[in-house]
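Note sheet for the following structure.
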Number of protein chains: 2
Amino acid sequence: MEFSVHIKMNEKLYLRDPEQSELGRKILKHGLELINKLGFEEFTFKKLAVAINTTEAGIYRYFENKHRLLIYLMTFYWSYLEYKIVFSINNLTSPEKKLKKAIELLVVEGDDAEVPSYLSVKKLQQLVMWEGSKAYLTRHVGTDNKDRLFKPYKDLCARLSDLILSYSPKYKFPHSLASTVVEMAHAQKFFKNNLPALTDFPNEKEDKKLTAFLENLLFSSMNTK
Amino acid sequence: MEFSVHIKMNEKLYLRDPEQSELGRKILKHGLELINKLGFEEFTFKKLAVAINTTEAGIYRYFENKHRLLIYLMTFYWSYLEYKIVFSINNLTSPEKKLKKAIELLVVEGDDAEVPSYLSVKKLQQLVMWEGSKAYLTRHVGTDNKDRLFKPYKDLCARLSDLILSYSPKYKFPHSLASTVVEMAHAQKFFKNNLPALTDFPNEKEDKKLTAFLENLLFSSMNTK
DNA sequence: TTTACATGATAGTATTACTATCTTTTTTAA
DNA sequence: TTAAAAAAGATAGTAATACTATCATGTAAA
């Protein structure tokens with residue numbers, strides 16, 4: 001049996017649905033790659049247009065601006081991750097195991113085969129690490145939030161928050177703890193690679209120590225008081 | 001007795017020392033204010049030039065680009081904060097009290113009177129909250145790091161890391177825990193104000209709950225195992 | 001087969017992120 | 001005090017960015 005999950009994207013993110021056309025899918029695929037290559041600040045629609053042999057105007061028909069494209073890619077990833085977590089913990093019984101699984105999924109390299117070929121989980125993870133917080137660190141975070149653009153991220157944190165409460169019903173800060181773990185999964189990876197003095201992780205390929213750190217952070221907090 | 005501390009800034013940050021001239025100090029003061037007002041992306045040297053009645057070229061004589069100005073302001077804050085922590089815990093004996101003091105200083109509104117009049121701790125704190133991570137989330141983080149531009153931030157984390165070890169010598173991830181607490185002090189404030197679903201803090205002026213969360217996070221981790 | 005619609009091609013604009021040059025003013029040092 | 005050095009002001013210019021607009025063409029659905 002073969003199947004794939006389709007993630008319904010917020011319609012406010014685009015002007016024309018990029019999944020529905022060849023050009024749209026090219027924008028997503030090469031957009032992701034080019035942002036990763038150049039960094040978000042250096043990335044422009046002009047450069048993307050050249051890369052996929054179309055015109056700037058062509059891309060503007062799909063996305064209002066590059067920031068919307070960034071949020072599109074980010075929210076795809078958060079939705080995918082939430083789905084992946086729900087699916088993976090479905091068969092588990094203890095909240096402890098569920099939370100450990102969730103941390104593992106936050107940290108390990110994803111599998112590109114699980115998403116449409118015009119996207120790549122590994123590349124999305126790189127994007128989250130480098131550009132993730134730029135999705136919300138803008139002056140229009142308020143209106144973007146009203147447009148529910150951050151719903152997938154909030155849903156993911158809410159999901160973790162529920163797990164935290166089911167493990168430790170009296171814990172006082174489940175949402176903050178959830179967002180801390182999610183943020184730190186990526187921030188600590190960035191630090192490990194770029195500002196290693198801020199971490200205790202040797203620069204090896206595996207992220208076992210990061211996983212251990214996040215588990216320690218999460219379970220210690222929940223087990224206290 | 002009146003005194004003030006002078007923070008020596010990394011010379012690579014500027015082309016001409018902004019503290020040494022009226023124009024330089026105006027760039028710092030109004031630069032900080034204008035970035036806070038417009039957000040870093042919308043902020044330009046042209047707009048700043050208009051605001052302080054000089055020319056774009058005039059500002060470029062002090063700072064290579066707006067990103068350097070951002071790092072200048074950020075590192076000033078991190079240096080100030082480290083000094084403030086060292087000064088405040090000097091008279092304390094227990095590592096526990098020292099760490100609690102450090103968290104308090106990370107969270108509470110600073111006192112503008114403690115820095116030169118062309119800067120403002122409160123405004124720098126707003127800057128850290130909104131633009132802080134943009135200082136390092138760039139493709140040139142490697143070269144910037146080689147130029148030691150992030151030293152004040154790393155020093156601050158190292159300081160906290162030492163306190164963590166003196167409280168709990170066997171704790172395995174003192175640097176990561178330190179950077180987590182510092183990052184979260186600001187990220188959670190941002191979430192509280194802008195994406196409250198990611199926190200458990202009601203939108204009141206006081207940050208007592210944030211302090212409680214950070215203390216819980218820190219001490220639980222250190223007390224485990 | 002009409003007609004709607006997506007794409008392509010081209011052009012244009014205000015702004016950004018600089019660099020260059022020349023003049024005037026202020027500071028400093030002989 | 002005066003000459004020279006340095007800082008600031010004024011102006012200009014350039015390539016790139018972040019769009020918007022228009023018109024032609026090809027393709028797919030009614």
Side-chain angles (χ1 to χ4, degrees), chain A residues 9 11-31 34-35 37-73 118 131 134-135 138-140 143-144, chain B residues 9 11-31 34-35 37-73 118 131 134-135 138-140 143-144:
Chain A
M9 302 297 294
E11 290 179 14
K12 296 227 166 143
L13 280 171
Y14 50 77
L15 301 169
R16 181 173 301 170
D17 187 350
E19 291 184 305
Q20 298 308 316
S21 75
E22 193 54 36
L23 180 58
R25 292 185 290 268
K26 267 176 146 179
I27 290 171
L28 295 178
K29 180 178 163 75
H30 293 88
L34 204 54
I35 295 174
K37 186 176 164 196
L38 303 176
F40 188 64
E41 288 75 24
E42 296 301 310
F43 168 82
T44 69
F45 276 180
K46 175 82 222 204
K47 288 171 185 168
L48 176 55
V50 169
I52 61 182
N53 242 295
T54 183
T55 58
E56 238 181 319
I59 297 170
Y60 277 106
R61 286 191 188 113
Y62 283 85
F63 290 99
E64 226 175 298
N65 53 52
K66 67 177 182 172
H67 188 254
R68 286 287 158 126
L69 172 59
L70 177 65
I71 302 188
Y72 185 103
L73 294 167
Y118 49 89
E131 323 292 350
K134 295 171 194 169
T138 70
R139 297 295 134 154
H140 42 94
T143 50
D144 286 353
Chain B
M9 302 297 293
E11 291 178 16
K12 296 227 166 142
L13 281 171
Y14 50 79
L15 302 169
R16 182 173 299 170
D17 187 349
E19 291 184 304
Q20 298 307 315
S21 75
E22 192 55 36
L23 180 58
R25 291 184 291 266
K26 267 175 141 178
I27 290 170
L28 296 178
K29 179 179 164 74
H30 294 89
L34 204 55
I35 296 173
K37 186 178 163 195
L38 304 176
F40 188 64
E41 289 75 23
E42 295 302 309
F43 169 81
T44 70
F45 276 180
K46 176 83 225 219
K47 288 171 185 169
L48 177 56
V50 169
I52 61 182
N53 241 295
T54 183
T55 58
E56 239 181 317
I59 297 169
Y60 277 106
R61 286 190 188 114
Y62 283 83
F63 289 99
E64 229 175 296
N65 53 52
K66 67 177 181 173
H67 188 253
R68 287 286 159 125
L69 172 58
L70 177 64
I71 302 188
Y72 184 103
L73 293 167
Y118 50 89
E131 323 293 351
K134 294 171 194 170
T138 70
R139 296 294 133 154
H140 43 94
T143 49
D144 286 353

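All values below were derived from every heavy atom in this structure, side-chain atoms included, with hydrogens, water molecules and symmetry-related copies excluded. Throughout, protein chains are lettered first and strands after them, A, B, ... in sequence-line order, and every chain is numbered starting at 1.
- Among the heavy atoms of the strands lying under 4.0 Å from A/Tyr62 are primed sugar atoms or P, OP1, OP2 only; no base atom is included.
- The side chain of A/Arg16 contributes no N or O atom lying less than 4.0 Å from OP1 or OP2 of C/dC5.
- Distance A/Arg25 CZ to C/dA6 C1': 13 Å, rounded to the nearest Å.
- Below 30°, between 30° and 60°, or above 60°: for A/Phe40 and A/Phe43 the angle between ring planes is below 30°, a parallel geometry.
- Rounded to an integer number of Å, the gap from CD of A/Glu42 to C1' of D/dA15 is 14 Å.
- Rounding to whole angstrom units, CZ of residue A/Phe63 and P of D/dT20 are separated by 15 Å.
- Distances from the side chain of B/Ala57 to the nucleotides C/dA20, C/dA9, C/dA17 place C/dA20 closest.
- Taking atom CG on B/Leu69 and atom P on C/dA17, their separation rounds to 13 Å, with Å as the unit.
- Taking only side-chain atoms of B/Lys66, from C-beta outward, the nucleotide of C/dA17, D/dA10, D/dT20 with the closest atom is C/dA17.
- B/Thr55 comes within 4.0 angstrom of a base, heavy atoms only.
- Summarising the geometry, atom NE2 belonging to B/His67 is positioned 7.5 Å from atom CD belonging to A/Glu41; distances are rounded to the nearest 0.5 Å.
- Atom CZ of A/Arg61 is separated from atom C1' of C/dC5 by 10 Å (rounded to the nearest Å).
- A/Thr54 pairs by the side-chain contact (heavy atoms from CB on, under 4.5 Å) definition with A/Leu23, A/Ala49, A/Ile52, A/Ile59, not counting sequence neighbours.
- Open room surrounds NZ on B/Lys37; 12 or fewer heavy atoms of other groups in view lie less than 6.0 Å from it.
- Picking from C/dA17, C/dA6, D/dG9 the nucleotide with the shortest atom distance to the side chain of B/Thr44 gives C/dA17.
- Across all strands shown, B/Lys26 has no heavy atoms under 4.0 Å from either base or sugar-phosphate atoms.
- Following rounding to the nearest Å, A/Phe43 (CZ) and D/dT17 (C1') show an atom-to-atom distance of 13 Å.
- Nearest nucleotide to the B/Lys47 side chain, out of C/dT16, C/dT7, C/dT19: C/dT16.
- Checking the phosphate oxygens (OP1, OP2) of D/dA8, no side-chain nitrogen or oxygen of B/Thr54 falls inside 4.0 Å.
- The existence of a salt bridge linking A/Glu11 and A/Arg68 is excluded, since no basic side-chain nitrogen approaches an acidic carboxylate oxygen closer than 4.0 Å.
- Counting to the nearest Å, the C1' atom of C/dA9 and the NZ atom of A/Lys46 are 11 Å from each other.
- Following rounding to the nearest Å, A/Glu56 (CD) and D/dT22 (P) show an atom-to-atom distance of 17 Å.
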